[in-house]
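Okay, so here's the structure we're looking at.
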Amino acid sequence: MTQETIFERILSGEIPCSEVHQDELCLAFRDIEPQAPIHILIIPKKPIKSLREAHENDQNLLGHLLLTAAKIAKQENLKDWRTVINTGEKAGQTVFHLHLHLIGGRSLSWPPG
Ligand code: DGP
């Protein structure tokens with residue numbers, strides 16, 4: 001059995017979050033350690049560990065996450081923003097439930113560290 005992540009506990013309501021959006025496929029809430037004035041996580045309700053574990057039949061879900069990020073960015077009055085998906089420990093993934101970071105509200109440098 002795979003261990004429940006913090007995001008599954010947020011999805012079940014066991015751990016509170018600052019919710020900004022919810023629909024049948026995903027939940028979006030403010031990151032607890034914001035790296036910018038706007039830092040929102042968009043997570044699928046389906047427990048996919050990372051983008052590595054996503055399958056062809058998740059195509060609609062993955063597209064939905066991106067379009068939801070754009071919708072939320074507009075709601076947050078962002079003109080420019082960055083979406084990030086960390087995949088694997090060396091890429092900075094710390095929670096093994098797929099999530100998309102929506103980051104904005106300040107100038108963002110490139111390349112990332
Ligand atoms: P990543 O490093 O890509 O796996 O991002 C995980 C993010 O999750 C990180 O930016 C901090 C955030 N996070 C971890 N625990 C919690 C929590 O309990 N609540 C919220 N809102 N965010 C969390």
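We count ligands from 1, going down the list as the structure has it; atoms in each ligand are counted the same way. When reading the values below, keep in mind they use all heavy atoms of this one structure, side chains included, and skip hydrogens, waters and symmetry mates. None of the values given here were measured: they were computed from a predicted structure.
Every N/O-N/O distance between H39 and ligand 1 stays at or above 3.5 Å. Considering backbone and side-chain atoms together, L41 places no N or O closer than 3.5 Å to any N or O of ligand 1.
Residue contact annotation: G92 has a non-hydrogen atom under 4.0 Å from ligand 1. In this structure, H101 counts as a contact residue of ligand 1, since one of its heavy atoms falls inside 4.0 Å of the ligand. Under a 4.0 angstrom heavy-atom cut-off, H99 registers as being in contact with ligand 1. Within the 4.0 Å heavy-atom shell around ligand 1 one finds F7. Under the 4.0 angstrom criterion for non-hydrogen atoms, I85 is not in contact with ligand 1.
T94 N, 2.6 Å is the protein heavy atom nearest to atom 4 (O) of ligand 1. Nearest protein heavy-atom contact of atom 22 (N) of ligand 1 is I32 N, 3.2 Å. Looking only at protein heavy atoms, the nearest one to atom 21 (N) of ligand 1 is R30 O, 2.9 Å. Looking at atom 18 (O) of ligand 1, its nearest protein heavy atom turns out to be I6 CG1, 3.6 Å. At the top of the distance list for atom 10 (O) of ligand 1, counting protein heavy atoms only, stands D31 OD2, 2.5 Å.
The number of heavy-atom neighbours closer than 6.0 Å to CD of Q59, taken from other residues, nucleotides and ligands shown, is 12 or below.
Atom CG of L25 is separated from atom CD1 of I42 by 13.0 Å, given to the nearest 0.5 angstrom.
Near F29, meaning under 4.0 Å from any of its heavy atoms, are these atoms of ligand 1: 20 (C), 21 (N).
A donor-acceptor contact shorter than 3.5 Å links the side chain of Q35 to the backbone of E33.
Here the closest heavy-atom approach between residue G104 and residue A36 is recorded as O-CB, 3.5 Å. Here the closest heavy-atom approach between residue G88 and residue F96 is recorded as CA-CE2, 4.4 Å. The two atoms that bring E24 and K45 nearest to each other are O-CD, 3.6 Å, heavy atoms only.
Between H39 and H101, the ring planes lie tilted relative to each other; the angle falls in the 30° to 60° range.
With sequence neighbours excluded, no residue forms a ring-ring contact (aromatic ring centres under 6.0 Å, His included) with H97.
Taking only non-hydrogen atoms, the option from T87, I10, V84 nearest to atom 17 (C) of ligand 1 is I10.
Under the 4.0 Å criterion applied to side-chain N and carboxylate O atoms, E53 and K46 are not assigned as salt-bridge partners.
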